[in-house]
Student: 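One structure coming up, written as structure tokens, with questions to follow.
Each chain gets a letter, A, B and so on, in the order the sequences are listed, and its residues count up from 1. Every value quoted in this text rests on a predicted model; they were computed, and no experiment measured them.
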Amino acid sequence: MRNSPDELTPDFRFPKSTRLLTATDYSDVFDAVDFRISSHHFLLLVKQSPTDRSRLGLIIAKKHVKLAVQRNRLKRLSRESFRTNNATFPNFDLVLLAKKGAGTRSNNQCVKELEFIWRKFKNRAKT
RNA sequence: UGAGUUUGCCAGGCAGUCGCUUCGUUAAACGAAGAGGAAAGUCCGGGCUCCGAAGAGCAGAGUGCCAGGUAAUACCUGGGGGGCGUGAGCCUACGGAAAGUGCAGCAGAAAGUGUACCGCCAGCCUGGUAAGUUCAGGAAGGUAAGGGUGAAAAGGUGCGGUAAGAGCGCACCGCGCGACUGGUAACAGCUCGUGGCGAUGGUAAACCCCACUCGGAGCAAGACCAAAUAGAAAUCUAAUAGUGCGGCUCGUGCUGGAUUUGGGUAGGUUGCUUGAGCCUGUUGGUGACGACUGGCCUAGAUGAAUGACUGUCCAUGACAGAACCCGGCUUAUCGGCAAACUCUUUCU
RNA sequence: GGCGCGAUAGCAAAGCGGUUAUGCACUGGAUUGCAAAUCCACGUAGGCCGGUUCGACUCCGGCUCGCGCCU
């Protein structure tokens, strides 16, 4: 189900090739982090990607966000935010972790915080 | 009008844009489907899978008025007993204490083959007195009516009776036992007989007894593919033996087994959704539920899919997210709707 | 997802159907020239809600929170 969407210009898709899938993908990022960016409720780990695109992985721990509904909401919001901004990203593997208290934030607050993180990430990635 | 009881249902809708998962058609696009009443807690019960088969006994655990429903249950329905409420209704671990063992702090005379602290009592002895039926004291008794303690003190009321009292006797009520009647039964009775009732106190969510039920583990079960383990060394032991069957024994399977050393792996597919399934109608039953006919296919992910934005309408949206699947229970929950019924106020 | 365990004072940690030990810490006193050590004394407890019982920290249910194991 590869459909090679790289050439179609404004790419707002979110197929499986833009995600971290296996445990080895995650441990590769954790073993060699290039730099990290944190805000009040999120932490982003960044590593140069072996593929030709940027990939996202999410870690929303049950310890930090207790209810399954809120964990799912955070995952959807961060995927949505990543999807809309992905076209402008350089090729990096990203792992987004939720910190304690993230589950009680509203949708708007989370979206703003994520966009702040993406901006900082792009600035650091240039250097 | 107000207050309430029970049962059932709904859980934001519609349109557009950009995305996600599965399936299908065709050849990169289109179409279809896509979380809950609790998906939750994992408290019960099953299916399914493995443990050779799932057998017997012991241990252990659970359930506990009766009858029925069901695949099964600790659930549900109907009925009985007890309690609460003016009522509609609600609650109810509700077998056995005359098989045995234990427990009851403090208080109290006494807490279990019952007891005599205060009190009451004729007679006896002593004192007082002229004397005594009166008064005071004493010893040995009688007594369970009265007082006091406690959560609990062993039938109740009335009359008789007595030195004082007492089921000591009687009547009514209560209780036990046995009949009879009604009911499938639990149980009930303005029924009959019988027992004076210190027989037989309480506690079994104390041990226990009785009846019934339960083999263990869980989809991270299990199966397949690829790769790897394979292999080796040392020690011990062998048919009245060793070991597996996840408490033990019987029973039964296997023949080499057990332990240690060192070395090494953890990716994919499947199980995975057609099921004690849902809907309509007819019908049996007081009901839970059952039978028959017709129709429908309704999530299946695996770093894990339902979202974001915009517009609009309303009641302004609570609790909350499937992970093998069902039946219940429990807990969380903004509100709204419908039906039946009860009480209250006023009017007729 | 499944299975199991626990909650007692500021901290640690026992036992039990009948007023919850003990140690460290805290506070006060004694001792000392002052302190430490030592001695004496004081106060502070059953996660929450129900049920059984005369009486529950204990027995039985239901919630809440924490921890461990299976990959």
Student: Evaluate Glu80(A) against Arg83(A) for salt bridge (Lys or Arg N to Asp or Glu O under 4.0 Å), listing each step before the verdict.
Tutor: CA-CA 5 Å; Glu80(A) 185 71 17; Arg83(A) 182 177 71 83; 2.5 Å; yes

Student: What's the gap between rG66(C) and rG60(B) when it is taken at their C1' atoms, as a whole Å value?
Tutor: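 It works out to 30 Å between them.
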
Student: In this structure, how many angstroms lie between the C1' atom of rA320(B) and the CZ atom of Arg71(A), rounded?
Tutor: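 In whole Å, rA320(B) C1' lies 12 Å from Arg71(A) CZ.
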
Student: Between rU134(B) and rC121(B), how far is it from one P atom to the other, in whole Å?
Tutor: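 Taking atom P in both rU134(B) and rC121(B), they lie 11 Å apart.
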
Student: Now, which nucleotide makes the Watson-Crick or G-U wobble pair with rG132(B), with each of the two distances under 3.5 Å?
Tutor: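 The answer is none; no pair meets the criterion.
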
Student: So what's rG17(C) paired with, Watson-Crick or G-U wobble, going by both distances under 3.5 Å?
Tutor: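 The answer is none; no pair meets the criterion.
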
Student: Report the distance from atom OG of Ser81(A) to atom CZ of Arg76(A), rounding to the nearest 0.5 Å.
Tutor: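 Rounded to the nearest 0.5 Å, the OG-CZ separation comes to 15.5 Å.
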
Student: When rounded to the nearest 0.5 angstrom, what is the spacing between CZ in Phe121(A) and CG in Asn85(A)?
Tutor: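 So the CZ of Phe121(A) and the CG of Asn85(A) are separated by 10.5 Å.
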
Student: Report yes or no: is the cationic atom of Arg124(A) (NZ for Lys, CZ for Arg) closer than 6.0 Å to the six-membered ring centre of Phe35(A), at no more than 45° off its axis?
Tutor: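 Arg124(A) over Phe35(A) ring: yes.
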
Student: Can you give one letter per nucleotide of nucleotides 65-71 of chain C, going 5' to 3': B for a protein heavy atom under 4.0 Å from the base, S for sugar-phosphate only, - for none?
Tutor: S------

Student: Provide the distance between the two P atoms, one in rU331(B) and one in rC324(B), to the nearest whole Å.
Tutor: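 It works out to 27 Å between them.
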
Student: When you check the glycosidic angle of rA35(B), does it come out syn, meaning within 90° of 0, or anti?
Tutor: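 What rA35(B) shows is a syn base, its glycosidic angle lying within 90° of 0.
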
Student: Between rG55(C) and rA153(B), how far is it from one P atom to the other, in whole Å?
Tutor: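 It works out to 15 Å between them.
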
Student: Side chains of Ser54(A) and Asp93(A) only: does a donor on one sit below 3.5 Å from an acceptor on the other?
Tutor: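 Note: Ser54(A) and Asp93(A) side chains miss the donor-acceptor criterion.
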
Student: Applying the Watson-Crick and G-U wobble criteria at under 3.5 Å, what pairs with rC39(C)? Answer none if nothing qualifies.
Tutor: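 Base partner found: rG29(C).
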
Student: Any N/O pairs under 3.5 Å between the protein and nucleotides 304-311 of chain B? List them or say none.
Tutor:
from     : atom 1 : to        : atom 2 : distance (Å)
rA304(B) : OP1    : Arg19(A)  : NH1    : 2.9
rA304(B) : OP2    : Arg19(A)  : NH1    : 3.4
rA304(B) : OP2    : Arg79(A)  : NE     : 3.4
rA304(B) : OP2    : Arg79(A)  : NH2    : 3.1
rA305(B) : OP1    : Arg79(A)  : NH2    : 2.9
rU306(B) : OP2    : Arg76(A)  : NE     : 2.9
rU306(B) : OP2    : Arg76(A)  : NH2    : 3.3
rA308(B) : OP1    : Asn107(A) : ND2    : 3.2

Student: Check the chi torsion on rG253(B) and let me know: syn if it falls within 90° of 0, anti if not.
Tutor: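 Anti for rG253(B); the angle lies over 90° from 0.
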
Student: Could you tell me whether rU92(B) is syn or anti, where syn means a glycosidic angle within 90 degrees of zero?
Tutor: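 Here the answer is anti: the torsion falls beyond 90° from 0.
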
Student: Which base sits across from rG52(B) as a Watson-Crick or G-U pair, both distances under 3.5 Å?
Tutor: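 Matched rG52(B) with nothing under the 3.5 Å cut-off.
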
Student: Could you pick out which residue, Ile59(A) or Ala68(A), lies toward the 5' side of RNA chain B when each is mapped onto its nearest nucleotide?
Tutor: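 Its nearest nucleotide being more 5', the pick is Ile59(A).
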
Student: Please examine the side chains of Leu67(A) and Arg71(A), heavy atoms only from C-beta on, and report whether any two atoms are closer than 4.5 Å.
Tutor: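 Arg71(A) does not reach Leu67(A) side chain to side chain.
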
Student: With a 3.5 Å limit on both atom pairs, tell me what rC5(C) is paired to, counting Watson-Crick and G-U wobble, or say none.
Tutor: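 Answer to the pairing question: rG66(C), which forms a Watson-Crick or G-U pair with rC5(C).
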
Student: Between P on rG303(B) and CG on Leu97(A), what's the gap in Å once rounded to a whole number?
Tutor: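 After rounding, the reported distance stands at 17 Å.
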
Student: Counting only Watson-Crick or G-U wobble pairs whose two distances fall under 3.5 Å, which nucleotide matches rA171(B)?
Tutor: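 Partner of rA171(B): rU157(B).
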
Student: Testing the basics here: between Arg105(A) and Arg73(A), what is the closest heavy-atom pair and its distance to 0.1 Å?
Tutor: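 Closest approach of Arg105(A) to Arg73(A): O-NH2, 3.1 Å.
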
Student: For atom P, what is the distance between rG201(B) and rA99(B), given to the nearest Å?
Tutor: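 Each nucleotide's P atom is 11 Å from the other's.
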
Student: Does a donor on one side chain and an acceptor on the other come within less than 3.5 Å for Arg55(A) and Asn91(A)?
Tutor: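 Not at all, the side chains of Arg55(A) and Asn91(A) share no donor-acceptor pair under 3.5 Å.
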
Student: Tell me whether the count of non-hydrogen atoms from other residues, nucleotides or ligands lying under 6.0 Å of NZ in Lys122(A) goes above 12.
Tutor: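 Yes.
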
Student: If rA61(B) has a Watson-Crick or G-U wobble mate with both distances under 3.5 Å, name it; if not, just say none.
Tutor: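 rU213(B) - that is the nucleotide pairing with rA61(B), both distances being under 3.5 Å.
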
Student: Do Phe14(A) and Ile117(A) belong to the same hydrophobic cluster, where Ile, Leu, Val, Met, Phe, Trp and Tyr are linked whenever their side-chain heavy atoms lie under 4.5 Å apart, directly or via other members?
Tutor: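 Linked within one cluster.
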
Student: For rG45(B) and rC214(B), measure between their P atoms and round to the nearest Å.
Tutor: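 About 11 Å, rounded to a whole number of Å.
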
Student: Given atom CG of Leu67(A) and atom P of rG36(B), what is their separation to the nearest angstrom?
Tutor: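 Rounded to whole Å, this separation is 19 Å.
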
Student: Got a second to check how far Lys75(A)'s NZ is from Asn72(A)'s CG, nearest 0.5 Å?
Tutor: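 The CG atom of Asn72(A) is 5.5 Å from NZ of Lys75(A), to the nearest 0.5 Å.
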
Student: In whole angstrom, give me the gap between the P atoms of rG8(B) and rC289(B).
Tutor: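 One P to the other, the span is 11 Å.
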
Student: What's the base orientation of rU273(B): syn (chi within 90° of 0) or anti?
Tutor: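 For rU273(B), whose glycosidic angle is within 90° of 0, the conformation is syn.
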
Student: So what's rG251(B) paired with, Watson-Crick or G-U wobble, going by both distances under 3.5 Å?
Tutor: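 Base-paired to rC245(B).
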
Student: Quantified in whole Å, what is the P atom distance between nucleotide rA188(B) and nucleotide rU194(B)?
Tutor: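 It comes out at 24 Å once rounded to the nearest Å.
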
